[in-house]
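In this text, all values refer to a predicted model and were calculated from it rather than measured experimentally. Indexing begins at 1, ligand by ligand and atom by atom, following the structure's order.
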Amino acid sequence: NEKMDCLFCKIIAGEIPSNKVYEDEYTYAFRDINPQAPVHVLLVPKKHMKNILECDAETAAHLTDAVRALAKIEHVDENGFRLLTNCGQHGCQSVHHLHLHLLGGKQLSEKMD
Ligand code: DGP
């Protein structure tokens, strides 16, 4: 079972500890273990899905709402931030539960690969 072995499902369930930043009925956000910027938060849907290709419109809307809340909580709504999701092998996705990286708190590079 894909979900039973899923690291982020375990984090959402509280079976593995995380530094929670935000939570609502549909989403959970926590600090990346290996931060690439002063602000580096991972936002995940509570419902297990492998990647963005499996994301339904309703879940996408919940994620968007959570991004708005998170940007305020992390004080990056004024100066801006980067939001990205890695998908599959070429995208270097390493955890196969959809997650959005929210990066900010400094001037980020123009380079995206
Ligand atoms: P990606 O490469 O896009 O699949 O991103 C996976 C991210 O998840 C990566 O930046 C490191 C982070 N990560 C992996 N394991 C853990 C963990 O156990 N806890 C936390 N907080 N982050 C993790």
Which of the atoms in ligand 1, numbered in the order shown and given with their element, are less than 4.0 Å from a heavy-atom of [X]?
X	answer
N86	1 (P), 2 (O), 3 (O)
F8	8 (O)
Q93	4 (O)
F30	20 (C), 21 (N)
V95	4 (O), 6 (C)

Judged by atom type as modelled, is there a donor-acceptor pair below 3.5 Å linking the side chain of [X] to the main-chain atoms of [Y]?
X	Y	value
R82	H101	no
K111	D113	yes
Q36	N34	yes

Are [X] and [Y] ion-paired here, with the side-chain N under 4.0 Å from a carboxylate O?
X	Y	value
K10	D5	no
E25	K46	no
K72	E78	no

Purely on distance, is any nitrogen or oxygen of [X] under 3.5 Å from one on ligand 1?
X	answer
C92	yes
N34	no
H99	yes

Measure [X] to ligand 1 on non-hydrogen atoms and call it side chain, backbone, both or neither using the 4.0 Å cut-off.
X	value
L7	side chain
S18	neither
I16	neither
I11	side chain
I33	both
H101	side chain

Top protein contact for [atom], by heavy-atom distance:
atom	result
atom 4 (O) of ligand 1	S94 N, 2.7 Å
atom 9 (C) of ligand 1	D32 OD2, 3.3 Å
atom 21 (N) of ligand 1	R31 O, 2.8 Å

- Item | L98-V67 co-clustered via ILVMFWY side chain contacts under 4.5 Å |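 Same hydrophobic cluster.
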- Verify the cluster assignment for I52 and V95: are they in a single hydrophobic cluster under the rule of side-chain heavy atoms below 4.5 Å apart?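 As far as the 4.5 Å side-chain criterion goes, V95 and I52 are not connected within one cluster.
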- Task: Could you tell me which non-hydrogen atom of P45 sits nearest to which non-hydrogen atom of L63, and how far apart they are?
- Result: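 For P45 versus L63, the nearest heavy atoms are N-CD2, 4.0 Å.
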- Query: Which atom pair, heavy atoms only, marks the closest approach of C55 to M49?
  - Reply: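 For C55 and M49, the tightest heavy-atom pair comes out as CA-SD, 3.6 Å.
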- Query: E74 and R31: salt bridge (charged side-chain N to carboxylate O under 4.0 Å, His left out), yes or no, with the steps?
  - Reply: CA-CA 11 Å; E74 292 296 294; R31 300 205 185 281; 2.9 Å; yes
